[in-house]
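Below is one structure; the comments refer to it alone.
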Amino acid sequence: MDGHLLEVKGLSITFTQYERGLRRVSLPVIRDLGVTVDRGEMVAVIGSSGSGKSLLAHAVMGILPYNASAEGEIRYQGEILTEKRKKALRGRELVLVPQSVSYLDPLMRVGEQVKNGRKGRKWEEACRRVLGSYGLGPETESLYPFQLSGGMTRRVLISTAVMENPRLVIADEPTPGLHPEAAKRVLGHFREMTEAGAGVLLITHDLNLALQTADRVVVLYAGTAVEETDSRAFCREETLYHPYTRALYRAMPEHGFKSEPGSQPYVKELPSGCPYRPRCAMAGPECAGPVPLRKTDRGWVRCVRKEGEA
Amino acid sequence: MENAKWIGMQLLRMAVLLAAVTVTVFVLLSLSPIDPLTTNVGQTALGSMSGEQVERLKEYWGVGTPAAARFLGWARDFLRGDMGISLLYRRPVAQVIGERFFNSVWLMIWAWLLSGFMGFGLGILAGRKRGGTADRLVTGYCLLTASTPAFWIAMVLLMIFAVWLKWLPIGLAVPIGTAADEVGLGDRIYHMILPALALSLTGISSVALHTREKLAAVMESDYVLFARARGESERSILVRHGLKNIALPAMTLQFASVSEIFGGSVLVEQVFSYPGLGQAAVTAGLGSDVPLLMGITVITAAVVFGGNTAANILYGLIDPRMRKGRKKG
């Protein structure tokens with residue numbers, strides 16, 4: 001084997017903004033993120049809405065906006081994923097499933113977009129088959145995006161990915177706006193892709209859904225990855241290590257629905273050291289310094305506290 | 001049925017617009033401090049006339065008759081299809097306008113097409129990559145011409161190409177001293193180049209800047225990002241997604257620019273002594289030729305309204321969101 005299908009190491013994404021005309025501000029949207037995805041595996045990256053986690057998807061695909069820059073290492077099948085390789089792979093082995101209808105050209109028919117400009121019998125049949133497998137009839141092909149319902153849009157977007165025989169699928173928030181049943185079905189479709197041998201990187205804010213379908217979970221807090229663990233670790237609070245992950249656990253409806261006071265800091269007002277420090281009950285002076293990763297039995301955690309310490 | 005209702009509504013809107021425009025122009029004219037007698041006959045000539053002659057002239061120019069009465073008289077005749085007699089040209093208004101309309105339309109169509117195509121092309125060049133070299137050049141050019149008055153550009157062109165280089169005529173629509181039936185198409189085009197160029201230069205910048213803005217927005221849209229993620233080349237993105245999505249706003253803009261070109265033609269025709277509608281409007285306004293000015297106003301308003309309506313209709317025909325939406329609703 002030639003390593004992981006996707007391996008992201010120490011990825012930091014910075015956004016440059018101009019404030020009041022001339023002052024340049026760099027916003028560290030994602031800091032030192034590491035994640036791996038293997039074949040047949042679904043890994044979820046969990047972060048709150050609007051935290052810029054879509055940029056992770058864009059960085060892997062090589063479609064970051066001009067005012068964002070990425071540092072760190074991204075490897076695909078063991079080899080560094082250079083811009084040139086991204087260009088060659090994206091849309092073929094490497095596919096993105098975006099989040100909403102705004103990612104479809106409003107003036108182009110669905111069929112045309114699923115086929116992505118390719119003509120001929122072979123592609124027409126493939127398009128019909130793929131749409132059909134998601135319960136979308138041939139009449140869908142002649143619809144325009146504005147005529148699709150939320151659930152149909154999601155299935156059309158997934159169809160664009162499945163048309164390509166992907167090896168790595170990056171799903172960027174594929175569920176918001178769907179009712180729980182539909183959302184579960186959509187994630188089921190991604191699960192099917194892993195069964196076909198692909199790796200799926202799921203980027204979402206929906207912890208519950210992620211835990212139901214993903215094998216492993218990476219938790220982001222204010223742009224920093226605080227813990228990686230497997231989904232089953234969320235069955236008990238004791239198997240989770242980071243105080244924030246534990247707070248997430250306690251906030252789940254079936255575990256008490258208890259929310260912690262305060263909110264995630266805005267990237268401009270990040271504290272030094274651990275970003276969770278101001279809200280953490282166990283925080284001490286050593287949390288203000290650099291916090292190294294520590295291996296756990298299920299993954300890793302970014303916290304200076306050893307197990308049982310308080 | 002649906003269509004008939006829509007056409008009816010449009011006609012009604014046009015009637016209301018024309019009524020409002022004519023009333024406004026009439027009020028403005030009656031408030032104008034210009035005394036038609038002193039302006040058109042002259043102080044000296046008036047002084048040497050008998051009181052009876054002056055009275056006759058006053059009646060001819062409508063001095064002393066209340067504005068409301070004059071307006072109603074004009075409106076009654078107009079609704080019967082009679083646009084009246086031009087006081088300055090002493091010919092039926094319809095005839096004067098017909099002649100000048102031909103000259104102007106000729107000029108304006110060229111200016112319109114030129115500014116439309118050039119503007120669209122430059123806009124695409126600039127909007128493809130916001131902040132690129134092409135963008136900076138085009139934007140710079142556009143801001144420069146957009147902030148320059150059309151008449152000034154007209155004078156500069158006149159100086160360079162007609163006075164210094166002597167490549168093109170200094171004015172008029174046909175060569176001086178040539179019988180009307182000897183004037184060929186070549187002569188007309190030769191005389192039209194400079195005014196059309198002057199008229200379109202400022203139009204180009206507005207079309208180009210708008211097209212650039214639209215295309216830049218499309219190129220930064222989610223669906224273009226997704227197209228990139230799917231491995232489409234920049235060229236294919238521009239052709240498959242870009243052009244299609246800016247075609248509609250560009251078209252609206254193009255039809256809306258009819259009014260700008262009409263407005264610009266007034267000044268440009270004045271500079272080039274080009275015998276078009278714009279020049280006639282200036283003459284009529286300064287000389288208090290009420291029937292002629294009213295006639296020109298009505299025609300101009302109707303053409304501009306027609307341009308906007310055409311944009312509306314085309315939009316509905318081309319944009320699936322409007323086409324299907326209408327069918328559904």
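Residue numbers begin at 1 in each chain, while the letters A, B, ... track the order of the sequences. These values consider heavy atoms only, across backbone and side chains, with no hydrogens, waters or symmetry-generated copies. Please read these numbers as outputs of a predicted model, since none were measured by experiment.
The environment of CH2 in B:W106 is crowded: more than 12 heavy-atom neighbours from other residues, nucleotides or ligands sit within 6.0 Å. Within 6.0 Å of the CD atom in A:E71, the count of heavy atoms belonging to other residues, nucleotides or ligands does not exceed 12. Crowding of A:K86 atom NZ: a count of heavy atoms from other residues, nucleotides or ligands under 6.0 Å exceeding 12. The local environment of NE2 in B:H241 is crowded, with over 12 non-hydrogen atoms from other residues, nucleotides or ligands closer than 6.0 Å. Within a 6.0 Å radius of CZ in B:R13, no more than 12 heavy atoms belonging to other residues, nucleotides or ligands are found.
Of the listed residues (A:G117, A:A88, A:G91, A:G62), the greatest number of heavy-atom pairs within a distance under 4.5 Å of chain B belongs to A:G91. Contact count against chain B (heavy-atom pairs under 4.5 Å) is highest for A:D105 among A:I170, A:I63, A:D105, A:L94. With respect to chain A, the highest number of heavy-atom pairs below 4.5 Å among B:G231, B:S236, B:A229 belongs to B:A229. Taking B:R240, B:E220, B:R228, B:K244 one by one and counting their heavy-atom pairs under 4.5 Å with chain A, the maximum is reached by B:R240.
Between the CG atom in A:L64 and the CG atom in B:L225 there is a gap of 9.0 Å [rounded to 0.5 Å].
By the 4.5 Å heavy-atom criterion applied to side chains, B:Y223 and A:L104 are not counted as neighbours.
Closest heavy-atom contact between A:L157 and B:F226: CD2-CE2, 4.2 Å.
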Please list, one pair per line, the donor and acceptor atoms closer than 3.5 Å that link side chains of residues 296-311 of chain B to other protein atoms, with sequence neighbours excluded.
| unit_1 | atom_1 | unit_2 | atom_2 | d |
| --- | --- | --- | --- | --- |
| B:T297 | OG1 | B:L293 | O | 2.6 |
| B:T300 | OG1 | B:I296 | O | 2.6 |
| B:T309 | OG1 | B:F305 | O | 2.7 |

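In this structure, the portion of A:E164 lying under 4.5 Å from any heavy atom of chain B is its side chain and not its backbone. Both the backbone and the side chain of A:M108 have a heavy atom closer than 4.5 Å to some heavy atom of chain B.
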